[in-house]
Amino acid sequence: MTVDALAAAVREVLGPDQIITDRSRLRTYECDGLTHYRVVPGIVLLPRTAAQCAAVVRACVAHGVPFVARGSGTGLSGGALPHADGALIVTSQLRSIVEMAPQDERAVLEPGVINLQVSRAANPHGYYYAPDPSSQQICSIGGNVAENSGGAHCLKYGFTANHVTGLQIVTPDGDLVRLGGRAPDAPGYDLLGAFVGSEGTLGIATEVTVRLVRLPETVRTLLAAFAGTDEAGAATSAIIAAGVVPAAVEMMDALAIEAAEAAVHCGYPEGAGAVLIVELDGPAAEVDAQFAAVEQFCRRHGAFEIRIAADDAERALFWKGRKSAFAAVGRISPDYIVQDGVIPRTALPQVLTRIGELAREHGVRVANVFHAGDGNLHPLVLFDEAVAGQAERAEAVSGAILDICVEHGGSITGEHGVGVDKAKHLPRMYSEEDLDTMQLVRCAFDPRGLSNPGKVFPTPRLCGEVPGRRKGPNPWHDAGVEVF
């Protein structure tokens, strides 16, 4: 009945085509890119302006309805998983480029603008937008802000957080507030930094000011084939240790190559146990000198074939296999789990060896695709849910891979976020005191706990509850207070 009351309330600010309550249509929104978790939302709302978005949030607060923001739905951690008794606020209709300001090296965007669209609009002015997730043709800027998305070129250019200078947000109270602006940095507490990557738990972005990067004078791309990942990893470490910082260094193992060939026929060298894609950009003289060094390091560490892209078309073909890798795995396996752990770059050989051992011990296959330059792994654990026990074994391997990452001084996520998928793993990185401190920040923004509840934290402490070790039943439950 609470959702029904909310539906009646939002009809005052939204048109009938902006409110979805029919269950068959609601099922369209039951998951994001991580289809393993599915929840049909209580209601879907599609605001077209920041003011409408704020009004919708205020209505949710007034009726005590939890709400979840969603962009294009390409996330891979369940961050946009709906609440069964809550509202899903979809920002895909806020899709205007408010301003393209190359003179300031800035663009002002609504959250529904597609990532690649920003570069296409900036290119005629001699600029582009650097963060480039593999899903950049369909993922939205608002979702990139929520997850602090990265991409192949984050090695040199950094993540979304390095390219957002200002935000307009709807707070969990329903107020429209601005954080930052066009300046490189704002004085005072870094609330902008706290919001980017907060996965929708601190509010909803309704306008994003991003930094534009000048198009490089030249771009050169190399594809090197190796017998295995150890050799490719050694080449990667040698390149970085020499002081060369490529725009991107990407690696795929034999199973990932097999999937890419089946899907997009990228024509990678036959017999390769691993391929490296190395891209350098910048002033022509600098790129030429560094490119020669990169080629030398690859040969020294066992590359049996090196291809250099002759033009943009060949460069695009090199990248086609890598960019399609996640979806391509569906050609060789009916089901798979995408992971997103991070390790020190020098630990690549040991970690990949251990992942291979885990796969054999549990009787599953693992395809490895990753940002080799900064140690951001994307192991794809393959299984067939129709075969009894395979899903459980795949999940065990997936969790064990994250344990290995943490053991080597890494992280459980590099760019996909925690969401619901990795919340249970967060205590492997942080102490209970650390988690309590993080939740104090969350409660400062959202004391009611309505903004994307149940995400990120494994055992969310209620706002107003004293931090510390919890014993016995929660007193709020005993008082009859419903907890979302």
Using a 6.0 Å cut-off, check whether atom [atom1] of [X] has over 12 heavy atoms from anything other than its own residue.
X	atom1	result
Q137	CD	no
Y128	OH	yes
K156	NZ	yes
D312	CG	no

With a 3.5 Å cut-off and no angle check, do the side chains of [X] and [Y] form a donor-acceptor pair?
X	Y	value
H125	Q103	no
Q52	Q18	yes
Y37	D421	yes
E261	Y268	no
T221	E279	yes
T171	D173	no
K422	Q339	yes

Smallest separation among heavy atoms of [X] and [Y], with atom names:
X	Y	result
P379	V366	CB-CG1, 3.8 Å
I412	L402	O-CD2, 3.5 Å
S77	E199	OG-OE1, 4.4 Å
A224	I306	CB-CG1, 4.1 Å
R106	A183	NH2-C, 4.1 Å
F304	P269	CE1-CB, 4.4 Å

salt_bridge(E30, R38) N-O dist < 4.0 Å: yes
Taking D104 first and then R211, would you say they form a salt bridge - that is, a charged N and a carboxylate O separated by under 4.0 Å? no
Measure from the side-chain N and O atoms of [X] to the backbone N and O of [Y], and report whether any donor-acceptor pair falls under 3.5 Å.
X	Y	value
N452	G79	yes
R58	G174	yes
D175	V177	no
S198	F195	yes
T206	Q168	yes
S333	F383	yes
R345	G375	no
S451	G200	yes
R48	T91	no
N376	V342	no

Show which side-chain atoms of residues 230-244 pair as donor or acceptor with protein atoms under 3.5 Å away, not counting sequence neighbours.
{"from": "E231", "atom 1": "OE1", "to": "G228", "atom 2": "N", "distance (Å)": "3.2"}
{"from": "T236", "atom 1": "OG1", "to": "A232", "atom 2": "O", "distance (Å)": "3.0"}
{"from": "S237", "atom 1": "OG", "to": "G233", "atom 2": "O", "distance (Å)": "3.4"}

Quick one: [atom1] on [X] to [atom2] on [Y], what's the gap to the nearest 0.5 Å?
X	Y	atom1	atom2	value
R220	E295	CZ	CD	8.0 Å
S398	D340	OG	CG	10.5 Å
E207	T49	CD	OG1	12.0 Å
T165	D185	OG1	CG	10.0 Å
N115	N144	CG	CG	5.0 Å

For residues [X] and [Y], determine if any side-chain heavy atom of one lies less than 4.5 Å from a side-chain heavy atom of the other.
X	Y	value
D446	L202	no
I89	V170	no
N368	L377	no
L179	I169	yes
I337	L380	no

Name the residue from L94, V210, V98 that meets the side-chain contact (heavy atoms from CB on, under 4.5 Å) definition with L109. V210
Counterpart residues, ring-ring contact (aromatic ring centres under 6.0 Å, His included), relative to H408 (two or more places apart): none
Can you list everything that forms a ring-ring contact (aromatic ring centres under 6.0 Å, His included) with H378? Sequence neighbours excluded, please. F326, H371, H416
